[in-house]
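Working notes, structure below.
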Amino acid sequence: MSATAAKAPGAPAVSGDANRWKALVFIALAQLMVVLDATIVNIALPSAQTDLGISDGNRQWVVTAYALAFGGLLLFGGRIADLWGRKNAFVVGLIGFALASALGGAATSGAMMFGARALQGVFGALLAPAALSLLAVMFTDAKERAKAFGIYGAIAGGGGAVGFILGGVLTEYMDWRWTFFVNIPFAIVAALGAYFVIREPEGGRNRNPLDIPGVLLSTLGLVALVYGFTRAESDGWGDSVTVGMFVASAVLLIAFVVTEARVKAPLLPLRVITDRNRGGIYLSLGIAIIAMFGTFLFLTYYLQIVKGFTPIKTGFAFMPMIVGMMVGSTQIGTRLMTRLPARLLMGPGFLVAAVGMLLMTQLEIGSSYASTILPAMLLLGLGMGTAFMPAMSLATLGVEPRDAGVASAMVNTSQQVGGAIGTALLNTIAASATTSYIKDHIGSATSKSQQQLVALEGQVHGYTNAIWFAVGMLVLAAAIVVTLVNAGRPDTTAVAAEGAEEELAVPVVAH
């Protein structure tokens, strides 16, 4: 490669940067902290609710405040990373997240807790896209990129399950406040490491003025969408406020797309999402996350309520899925990513996960963990790990450096919105099926013990009905990937942003 080519405007990184693997350690640590936080707080919620006197009606805000801030501000966070520089945004996000976590751990009232969770969401929305876009611009060699995104994908997929274990240990043996305080050492180590180790490639910032109308429309539209699904879970799909949120979200997001097509310096350049490969990745990831959240939700309930597992035992019960994700991401995905087109990894990956989910539809009260849940979790982990790794890489491959932050934010946005939809939609399906089952069978239960048995059977019936829906979601994700994602192997085909093929061809393939 000539010196001129090496300095081409689209060159996102100097592949000889000796610090890039050290940087990966701190980026991965930060990603683990964010993903852990999504589940670790759920385990501690009952204890925190009791200590702080939070009512049953308000306890959802511990989760909702974070989801609204994080989901609503992700695109803005990605654009700020492109404007400030990804390293700067990454370090600021980490420091802010640590301070918000300290506030949450020290909370003395429900309002203080809700505020801390919202602040965590704000800084998480800055941190998450900065982390992914740093990988996108630092690792450009195909094989190195595969390894880096394999590690990142494994953490992104398996970190949530690790949160169940850590949350159970901290809550049971220490105090619920430590589920917040544990973030502080993570954040400090990652911030210091990033500050001294990360060397962001020059020339990749987007210094255009902020698209304020785009920021307002996207933030309000996403907040309305996430809140609509959250409210649907608690108040029903026919609730007037729920319907109003969905209508407002549709109007705001349509206005956002129209605005982005017209303004000179858009918050989300439409070239980022209209590329069929990236569009297919964002859509399929969001749909697959719906199924994943259903698994976490219903298996946690099943293991603790039906099987009587403790929080710690429940956390360790998720270990096979974590192992499967690690193997699928770092071994299968990483080894095959440079040899096969992404769709031949992602499509089969989602289908293998669907088979694992299919096994879970056979759950009954007396089902054996070893014969039913264990193989199901292994298949789910293997499939998702194999699919996530090329998805994370392809979602940012070929974008112009100035768009890396917002392209990364779209990955997180699809996951966050998918998670909100999955929690509300699958919970509603399960609750409806449970109510119907109990109504049909309670008449034949004459004793209290029989009535309790019918109630448990009704819960399991509800879970399996919702899991059937999750199976369909994974099959749909596979179909979208096979239909839309047509990129070749990363070492032979550059997935270039529209109008940027010549600019990006050299740095992507000339290794």
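- Remark: the backbone N or O of Ala107 is paired with a side-chain donor or acceptor of Arg177 at under 3.5 angstrom.
- With a 4.5 Å cut-off on side-chain heavy atoms, Arg278 and Leu394 do not count as touching.
- Considering every non-hydrogen atom in both Ala466 and Phe298, the closest pair reads CB-CE1, 3.4 Å.
- When atom types are taken as modelled, the side chain of Tyr195 and the backbone of Lys87 share no donor-acceptor pair closer than 3.5 angstrom.
- Under the 3.5 Å distance criterion, the side-chain polar atoms of Lys22 are left unmatched by any main-chain donor or acceptor of Val197.
- Scanning all heavy atoms of the two residues, the minimum distance from Ala30 to Leu127 falls at CB-CD1, 4.2 Å.
- Residues satisfying the ring-ring contact (aromatic ring centres under 6.0 Å, His included) criterion with Phe186, sequence neighbours excluded, are absent altogether.
- With contacts defined as side-chain heavy-atom distances shorter than 4.5 Å, the pair Pro348/Thr386 does not qualify.
- Between the side chain of Ser414 and the main chain of Val411, a donor-acceptor pair closer than 3.5 Å is present.
- One distance of note links CZ of Arg86 with CD1 of Ile80; it measures 12.5 Å at 0.5 Å rounding.
- Under the 30°/60° scheme for interplanar angles, the aromatic rings of Phe70 and Tyr66 are found to lie parallel.
- Looking only at distances, a side-chain donor or acceptor of Arg276 sits under 3.5 Å from a matching main-chain atom of Leu484.
- Here the CG atom belonging to Leu217 is positioned 11.5 Å from the CD1 atom belonging to Ile254, to the nearest 0.5 angstrom.
- Contact annotation: the side chain of Val406 never approaches that of Met410 to less than 4.5 Å [non-hydrogen atoms, C-beta and beyond].
- Nearest heavy-atom pair across Ala342 and Val485 is CB-CG1, 4.3 Å.
- Side chains of Phe350 and Met384 form a contact here, defined as non-hydrogen atoms less than 4.5 Å apart.
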Exercise. Under the side-chain contact (heavy atoms from CB on, under 4.5 Å) criterion, do Phe388 and Ser329 qualify, and how do the steps go?
Worked result: CA-CA 7 Å; Phe388 274 6; Ser329 187; 5.8 Å; no
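- What you find for Ala148 and Leu135 is that their closest heavy atoms are O-CD1, 4.4 Å.
- Val91 places none of its side-chain heavy atoms less than 4.5 Å from the side chain of Ile198.
- Separating the CZ atom in Phe469 from the CG atom in Leu425 is a distance of 4.5 Å, to the nearest 0.5 Å.
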For this session: Test side-chain contact (heavy atoms from CB on, under 4.5 Å) on Met33 and Leu94 and set out the steps.
Result: CA-CA 10 Å; Met33 180 188 71; Leu94 281 165; 3.8 Å; yes
For this session: Any chance you could lay out the side-chain contact (heavy atoms from CB on, under 4.5 Å) test for Met357 and Met473, step after step, and finish with the verdict?
Result: CA-CA 10 Å; Met357 199 75 81; Met473 291 290 97; over 6 Å; no
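- At distances below 3.5 Å, at least one donor-acceptor pair connects side-chain atoms of Thr219 with backbone N or O atoms of Val215.
- Remark: side-chain polar atoms of Asp211 are not paired, donor with acceptor, to backbone N or O of Pro266 under 3.5 angstrom.
- Distance check, rounded to the nearest 0.5 Å: CG of Leu99 to CZ of Phe97 gives 11.5 Å.
- The two residues Gln120 and Ser101 have their closest heavy-atom pair at NE2-OG, 2.9 Å.
- In this structure, the side chains of Leu222 and Tyr227 stay at 4.5 Å or more apart for every pair of heavy atoms.
- A donor-acceptor contact shorter than 3.5 Å links the side chain of Arg117 to the backbone of Val62.
- Without hydrogens or angle criteria, Glu260 side chain to Pro269 main chain gives no donor-acceptor distance under 3.5 Å.
- Considering only heavy atoms from C-beta on, Leu75 comes within 4.5 Å of Phe256 through its side chain.
- Between Val272 and Tyr282, the closest side-chain pair of non-hydrogen atoms falls below 4.5 Å.
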Exercise. Does the side-chain contact (heavy atoms from CB on, under 4.5 Å) test come out yes or no for Ile212 and Leu216, once each step is laid out?
Worked result: CA-CA 6 Å; Ile212 301 300; Leu216 293 174; 4.1 Å; yes
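- Distance check: Leu283 CG to Ile480 CD1 gives 4.0 Å after rounding to the nearest 0.5 Å.
- Side chain of Ser249 to backbone of Met245: no donor-acceptor contact under 3.5 angstrom is found.
- Judged by distance alone, the side chains of Trp237 and Thr242 never bring a donor and an acceptor atom under 3.5 Å apart.
- Expressed to the nearest 0.5 Å, how far OG1 of Thr259 lies from CG of Leu268 amounts to 12.0 Å.
- The minimum heavy-atom distance linking Leu74 with Pro129 is given by the pair CD2-CD, 3.9 Å.
- Trp21 and Phe26 have their aromatic ring centers separated by at least 6.0 angstrom.
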